Asker: 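Before anything else, here's the structure in question.
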Number of protein chains: 2
Amino acid sequence: MYRYEYPRPAVTVDVVIFSMRADDLVVLLVKRKLAPYKGQWALPGGFVNPNESLDRACARELEEETGLSNVRFQQLGAFGDPGRDPRGHTISVAFFTFIVAESAILRAGDDAAEVAWHPLANLAKELPTGTHPAPVRRTKARAVVGKGGKPARPSRATKKGTIDLAFDHRRIIDMAQMCLVERLRDPTRAASFDLVPSHFTMSELQRVYEVVLQHPLDKRNFRAKLLAAHLIEPASASRRGPHRPAQLYRWKGAAR
Amino acid sequence: MYRYEYPRPAVTVDVVIFSMRADDLVVLLVKRKLAPYKGQWALPGGFVNPNESLDRACARELEEETGLSNVRFQQLGAFGDPGRDPRGHTISVAFFTFIVAESAILRAGDDAAEVAWHPLANLAKELPTGTHPAPVRRTKARAVVGKGGKPARPSRATKKGTIDLAFDHRRIIDMAQMCLVERLRDPTRAASFDLVPSHFTMSELQRVYEVVLQHPLDKRNFRAKLLAAHLIEPASASRRGPHRPAQLYRWKGAAR
DNA sequence: CGAGCATGGTGTGACGAGCACACGAAGTCA
DNA sequence: TGACTTCGTGTGCTCGTCACACCATGCTCG
């Protein structure tokens with residue numbers, strides 16, 4: 001039937017996956033195996049296949065590059081500035097979510113030389129608006145916290161302790177973070193993320209909030225607001241430790 | 001340099017422009033001059049040119065099809081279900097905004113046979129999920145409120161008084177409306193839209209809110225909240241009528 | 001020119017949400 | 001058994017939100 005054959009921009013998906021790791025807000029990155037930006041860290045993602053929905057492309061790319069599956073995303077938006085990809089005009093649809101790092105089994109595959117969680121604080125700031133970083137090849141090595149919490153491969157970095165991301169991925173992460181904070185303000189919307197394992201204590205959940213929002217919360221107010229939302233319920237067990245055991249909670253409607 | 005030549009989905013932009021007209025929330029539509037969905041109403045929009053940013057594509061398509069320029073948009077998101085466009089896999093990045101209809105001079109151009117504001121209430125409901133309407137050719141005529149508030153061309157319709165939109169545009173409009181409501185709840189974010197002309201009375205602005213939010217607001221609370229936000233200031237003049245003159249306001253920081 | 005009419009403009013009190021605040025309870029460990 | 005650590009809870013204040021009714025002002029029309 002009808003079909004225009006104008007030159008087309010390419011379409012990719014990129015995924016921002018946040019998590020908590022030792023009181024840090026971390027994001028899942030892959031080290032690129034191919035040009036452009038070969039050897040630099042980037043968001044998992046890739047080209048959309050013909051007749052593939054955006055959500056499916058997102059899930060597929062994530063699975064191919066990191067081994068993760070069964071993750072639900074929120075769409076963040078489309079990024080389409082010409083020049084954001086040295087291969088040519090490329091429009092990226094970004095997704096984001098939050099998962100529990102401990103339950104994620106990572107496996108670098110496909111175009112990824114490596115997969116690791118990186119604290120947001122270790123990433124170089126977004127460049128002054130307009131310009132995008134050109135792919136670089138040579139840089140001094142730098143240790144970062146990687147998979148498993150142990151020091152990982154040295155990686156490219158330009159400033160003390162910071163990693164430059166490929167493409168405009170730093171900007172995408174910034175926007176995802178803003179969006180995440182926005183969601184967390186409303187408990188109902190926050191419940192769509194896996195902020196904590198299926199059973200959790202109040203303090204565990206509160207710590208996630210504090211790390212993401214970047215300011216401390218009052219224990220009692222936090223508890224009261226969350227309970228008022230009727231989204232969680234006490235689970236039978238409690239968590240032990242070198243102190244008084246804590247009540248475990250779980251999301252309402254979750255399978256026992 | 002590097003360049004993949006996989007088959008690519010096409011990329012379009014679509015624009016949802018809301019406005020007020022005689023106590024109705026209206027949206028700007030164009031009647032398609034070309035297949036697919038020839039003769040049906042659709043959102044203004046079209047293909048993204050090579051090396052054109054999404055915002056620029058959006059502004060260009062809007063200008064080409066409706067004559068409108070100098071409009072600022074917010075991005076709504078990307079719609080990429082395969083099957084949403086009978087021409088083949090097409091990803092549309094949607095934008096939306098709100099403008100003052102009275103100050104908009106419309107001119108159908110390019111692929112548009114006609115341009116008109118349509119009350120949201122006159123549009124057919126979104127179809128049951130999953131399916132998308134196939135292009136239809138023959139249908140019974142139906143009068144709708146068009147450009148200028150007068151009855152416009154008869155148009156395609158399937159149910160009494162409702163118009164079926166092309167593609168998944170009805171769904172896009174629904175999402176834009178939800179997003180619009182969301183923004184209006186926060187005066188700061190609402191200020192990025194042209195809800196009212198540069199000088200306006202409290203009641204005029206309030207009426208816009210009531211129409212969009214679809215419920216009445218208390219006059220005093222509305223006034224108080226808006227003034228508390230320090231976003232508007234009284235202008236010198238006042239508006240006359242067959243009653244007590246009303247104080248005019250304008251957005252702070254607006255040119256005198 | 002005065003009465004009626006339509007809209008403009010204003011203050012208060014009730015209520016609930018959010019916040020800051022301190023202390024006893026229940027375990028572990030030495 | 002005492003010290004320590006984290007858990008769990010109730011109250012009072014403040015502030016924002018909401019509902020609510022009346023007089024003011026200018027126009028029109030008889």
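Labels below follow one simple rule: chain letters A, B, ... track the order of the sequence lines, proteins then strands, and each chain is numbered from 1. As the structure is a computational prediction, the values presented were derived from the model and not from experiment.
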Asker: For the residue pair B:S92 and B:D14, confirm or rule out a side-chain donor-acceptor distance under 3.5 Å.
Answerer: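 Result is yes, a qualifying pair exists.
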
Asker: Look at the rings of B:F96 and B:F193 and say which category their plane angle falls in: under 30° parallel, 30 to 60° tilted, over 60° perpendicular.
Answerer: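 Judged by the thresholds at 30° and 60°, the geometry between B:F96 and B:F193 is tilted.
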
Asker: Do you know which two heavy atoms are closest between A:D81 and A:R84, and how far apart they sit?
Answerer: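 Minimum heavy-atom separation between A:D81 and A:R84: O-CG, 3.0 Å.
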
Asker: For DNA chain D, which residues in residues 240-249 of chain A have a heavy atom at a distance below 4.0 Å?
Answerer: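 Within this stretch, A:H243, A:R244, A:P245, A:A246, A:Q247 sit under 4.0 Å of the strand.
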
Asker: Ring centroids only, cut at 6.0 angstrom: are A:Y209 and A:F222 within range, meaning strictly under it?
Answerer: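 Distance test on ring centres: under 6.0 Å, yes.
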
Asker: Phosphate oxygens OP1/OP2 of D:dC7: is one of them under 4.0 Å from a side-chain N or O of A:S203?
Answerer: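 The answer is yes; a side-chain N or O of A:S203 sits under 4.0 Å from OP1 or OP2.
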
Asker: Taking side chain to side chain contact (heavy atoms under 4.5 Å, CB included) as the test, write out the residues that go with B:A101, two or more places apart.
Answerer: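 By the side chain to side chain contact (heavy atoms under 4.5 Å, CB included) rule, B:A101 matches B:S19, B:R21, B:W117.
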
Asker: Tell me which residues in residues 189-196 of chain B put a heavy atom below 4.0 Å from DNA chain C, sorted by number, or none.
Answerer: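 By residue number: none to list.
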
Asker: So that I can tick it off, tell me whether A:R56 and A:E61 are bridged by a salt bridge, with the cut-off set at under 4.0 angstrom between side-chain N and carboxylate O.
Answerer: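 Looking at A:E61 and A:R56, the cut-off is not met.
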
Asker: Would you mind checking if B:E65 and B:K31 are paired as a salt bridge, meaning a charged N to carboxylate O distance below 4.0 Å?
Answerer: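 No, B:K31 and B:E65 are not salt-bridged.
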
Asker: Which label fits B:H118 and B:W41: parallel for a plane angle under 30°, tilted from 30 to 60°, or perpendicular past 60°?
Answerer: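 Judged by the thresholds at 30° and 60°, the geometry between B:H118 and B:W41 is perpendicular.
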
Asker: Provide the start and end nucleotides, 5' to 3', of the part of DNA chain C that has atoms under 4.0 Å from heavy atoms of chain A.
Answerer: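 Going 5' to 3' along DNA chain C, contacts run C:dC19 to C:dT28.
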
Asker: Could you tell me the separation between the CD atom of B:Q206 and the CG atom of B:L195, rounded to the nearest 0.5 Å?
Answerer: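 Answer rounded to 0.5 Å: 13.0 Å.
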
Asker: Please list, by residue number, the residues of residues 208-230 of chain A whose heavy atoms come closer than 4.0 Å to an atom of DNA chain C; answer none if no residue qualifies.
Answerer: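 Heavy-atom contacts with DNA chain C come from A:D218, A:R220, A:N221, A:K225.
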
Asker: Can you see whether A:R239 engages A:Q247 through a side-chain donor-acceptor pair at a distance of less than 3.5 angstrom?
Answerer: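 On atom types as modelled, these side chains do not qualify, holding no pair under 3.5 Å.
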
Asker: Working to the nearest 0.5 Å, report the span between CG of B:L180 and CD1 of B:I173.
Answerer: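 Output value for this atom pair is 12.5 Å.
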
Asker: Between D:dT6 atom P and A:L205 atom CG, what is the distance in whole Å?
Answerer: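 Rounding to the nearest Å, CG of A:L205 and P of D:dT6 are 18 Å apart.
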
Asker: Could you list the residues that satisfy salt bridge (charged side-chain N to carboxylate O under 4.0 Å, His left out) with A:R189, not counting sequence neighbours?
Answerer: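 In terms of salt bridge (charged side-chain N to carboxylate O under 4.0 Å, His left out), with neighbours along the sequence ignored, A:R189 is linked to no residue.
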
Asker: Let me confirm one number: the CG-CD distance from A:L25 to A:Q214, rounded to the nearest 0.5 Å.
Answerer: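 Nearest 0.5 Å value for the CG-CD distance: 8.0 Å.
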
